[in-house]
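The chains referred to below are lettered A, B, ... by the order of the sequence lines, with proteins before strands, and numbering in each begins at 1.
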Number of protein chains: 2
Amino acid sequence: MEENLKLDNQLCFRLYTASRLLTQVYNPLLSEYGLTYPQYLALMVLWEKDAMPVNDIAKKLFLETNTVTPLLKRMEAEGLVTRDKSSNDGRQTIVRLTQKGYSLREKLSFVPDKVGSAVICETVTPETVPALFKMLDDIILRLKA
Amino acid sequence: MEENLKLDNQLCFRLYTASRLLTQVYNPLLSEYGLTYPQYLALMVLWEKDAMPVNDIAKKLFLETNTVTPLLKRMEAEGLVTRDKSSNDGRQTIVRLTQKGYSLREKLSFVPDKVGSAVICETVTPETVPALFKMLDDIILRLKA
DNA sequence: TATATTTGCATCGTGAACGATATAAATTAA
DNA sequence: TTAATTTATATCGTTCACGATGCAAATATA
């Protein structure tokens, strides 16, 4: 059969699989703190810069607001963030970390190293990871343009 | 703040984003034929080898049967596959392509090249893709072990 | 050959993703 | 300044993912 239509030849399938499997490494670590992986990503955005409108958070994550809004509402229900209308612009909802949300930063500081060590292998080492990052960044940049 | 906790430093976030964005390139092409990306993956598995039990399809896709079963039932409802109990082993459900499911193989043969050309960029070329594949394969292999 | 265990699949509940649509505030144009 | 348009967010419906659980068929064990 045509080589092109073989699963083994597909970049997207590899990205999809690697993404899912690596997320599964995060899951048990995060669920200890009642978090999902996308919620952890939202926290990382807010740890870098607090008090952001929904749209800015969505842009950082390359997601649409129709994905991020329910995510943030679940996080609000968990007491991780607050969501308030902006006084400057009544359309915006400003998302802020609660003490609980902020305090997870230190509690989860062990996660990156733990996950990192789970992927180190023959062709994926501290030396080769920058090249891998560059390729993935270029793909993301290309697909956003 | 700690460098490790920055979004920019995360491999998983890159894989997750690249996977989502690349899937979005497939979506308009596949939806013409009423397909989703995971359904397309299942078809690729069956195009390579027809009449497979659910579990074998799941393994090829690195998914669990609780994801694949509903997927295949939707594909059955669309007339793409049939699902029948195996006579050898009454626990197995054997999935087979219908004529409709089989005929999509040719109709969708344009997809890989179209998607491929969407990702070609500075650091992602026919020369560098094999190295990228190897890295992703190693990550997948490492995480499955 | 009964009983226990494993295997293959299905079901259920929850949380994403995402296209489509809605709505209200802000901005622009007439 | 009213009307048209754009922007920011929210809501809805469908389809994954996936942990947990259930169940019947097959296999292993006593």
Side-chain angles (χ1 to χ4, degrees), chain A residues 12-13 15-32 34-42 52-59 61-78 80-81 83-95, chain B residues 12-13 15-32 34-42 52-59 61-78 80-81 83-95:
Chain A
C12 190
F13 177 61
L15 293 171
Y16 160 82
T17 302
S19 168
R20 281 193 313 101
L21 295 183
L22 190 48
T23 301
Q24 286 175 22
V25 176
Y26 282 88
N27 282 339
L29 308 178
L30 298 178
S31 68
E32 290 281 316
L35 288 176
T36 64
Y37 180 69
Q39 289 172 12
Y40 171 69
L41 292 181
M52 295 183 82
V54 172
N55 201 34
D56 290 16
I57 297 173
K59 281 209 169 69
L61 299 177
F62 301 97
L63 289 166
E64 301 300 318
T65 59
N66 59 359
T67 298
V68 173
T69 291
L71 180 77
L72 292 170
K73 290 181 81 168
R74 283 185 290 267
M75 293 175 72
E76 183 185 35
E78 294 296 323
L80 298 169
V81 299
R83 294 164 62 255
D84 299 288
K85 283 282 170 210
S86 166
S87 47
N88 297 340
D89 185 333
R91 294 169 303 181
Q92 289 184 334
T93 297
I94 308 295
V95 182
Chain B
C12 190
F13 177 61
L15 293 171
Y16 160 81
T17 302
S19 168
R20 280 193 313 102
L21 295 183
L22 191 47
T23 301
Q24 286 174 22
V25 176
Y26 283 88
N27 282 339
L29 308 178
L30 298 178
S31 67
E32 289 282 314
L35 288 177
T36 64
Y37 181 68
Q39 288 172 13
Y40 171 68
L41 293 181
M52 295 181 83
V54 172
N55 201 33
D56 290 15
I57 298 173
K59 280 208 168 70
L61 299 177
F62 300 97
L63 290 166
E64 301 301 318
T65 60
N66 59 359
T67 296
V68 173
T69 292
L71 180 78
L72 292 170
K73 289 181 81 169
R74 284 186 289 268
M75 293 175 71
E76 183 185 35
E78 293 296 322
L80 298 168
V81 299
R83 294 164 61 254
D84 298 289
K85 284 280 170 212
S86 166
S87 47
N88 296 341
D89 184 334
R91 295 168 301 179
Q92 290 184 332
T93 298
I94 307 295
V95 183

- Side chain of A:Thr93 - closest among D:dA20, D:dA25, D:dA10: D:dA10

- Task: Using a 4.0 Å heavy-atom cut-off across all strands, classify B:Tyr16 as base, sugar-phosphate, or nothing.
- Result: sugar-phosphate

- Task: State whether B:Lys85 places a side-chain N or O below 4.0 Å from either non-bridging phosphate oxygen (OP1 or OP2) of D:dA25.
- Result: no

- Validation row: B:Glu32, B:Leu30 side chains within 4.5 angstrom (heavy atoms): no

- 5′-ward residue of the pair A:Glu78/A:Ser87 relative to DNA chain C: A:Glu78

- Query: Taking the nucleotide of DNA chain D with the closest heavy atom to each, which residue, A:Arg20 or A:Thr67, is nearer the 5' end?
  - Reply: A:Thr67

- Task: Taking only the side-chain heavy atoms of B:Thr36 (C-beta and beyond), determine which of D:dC16, D:dA10, D:dT7 contains the nearest atom.
- Result: D:dC16

- Earliest and latest nucleotide of DNA chain C, 5' to 3', sitting under 4.0 Å from a non-hydrogen atom of chain B? C:dT7 to C:dC18

- Note: B:Gly90 and B:Lys85 closest approach over all heavy atoms is O-CD, 3.3 Å

- B:Lys59 side chain reached by B:Asp56 side chain, heavy atoms, under 4.5 Å: no

- Message: Rounding to an integer number of Å, can you tell me how far A:Asp89 CG sits from D:dT9 P?
- Response: 8 Å

- A:Val95 vs A:Met52 side-chain heavy atoms within contact, under 4.5 Å: no

- Query: B:Arg74 side chain: which of D:dT15, D:dA8, D:dA10 is closest?
  - Reply: D:dT15

- Over how many whole Å does the gap from B:Leu63 atom CG to D:dC16 atom P extend? 11 Å

- For D:dA10, does either OP1 or OP2 sit under 4.0 Å from a side-chain N or O belonging to A:Arg91? no

- Query: Between D:dT15 atom P and B:Asn27 atom CG, what is the distance in whole Å?
  - Reply: 13 Å

- Could you state the atom-to-atom distance from CG of A:Asn88 to P of D:dA8 in whole Å? 13 Å

- Base, sugar-phosphate, or nothing: which does A:Asn55 touch, judged by heavy atoms less than 4.0 Å apart? sugar-phosphate

- Check: A:Tyr16 and B:Leu15 side chains under 4.5 Å, non-hydrogen atoms: no

- Task: Tell me what A:Glu64 touches on the nucleic acid: a base, only sugar-phosphate, or nothing, going by heavy atoms under 4.0 Å.
- Result: nothing

- Write down the distance between CG (A:Leu61) and P (D:dT9), rounded to a whole number of angstrom. 14 Å

- Starting at CG of A:Leu41, measure out to CD1 of A:Ile57 and round the result to the nearest 0.5 Å. 12.0 Å

- Task: Report the distance from atom CD of B:Gln92 to atom C1' of D:dA26, rounded to the nearest whole Å.
- Result: 10 Å

- Item | Nucleotide D:dT9, atom C1' - distance to CE of A:Met52 in whole Å | 15 Å

- Are B:Tyr26 and B:Thr36 side-chain neighbours, meaning at least one heavy-atom pair lies under 4.5 Å? no

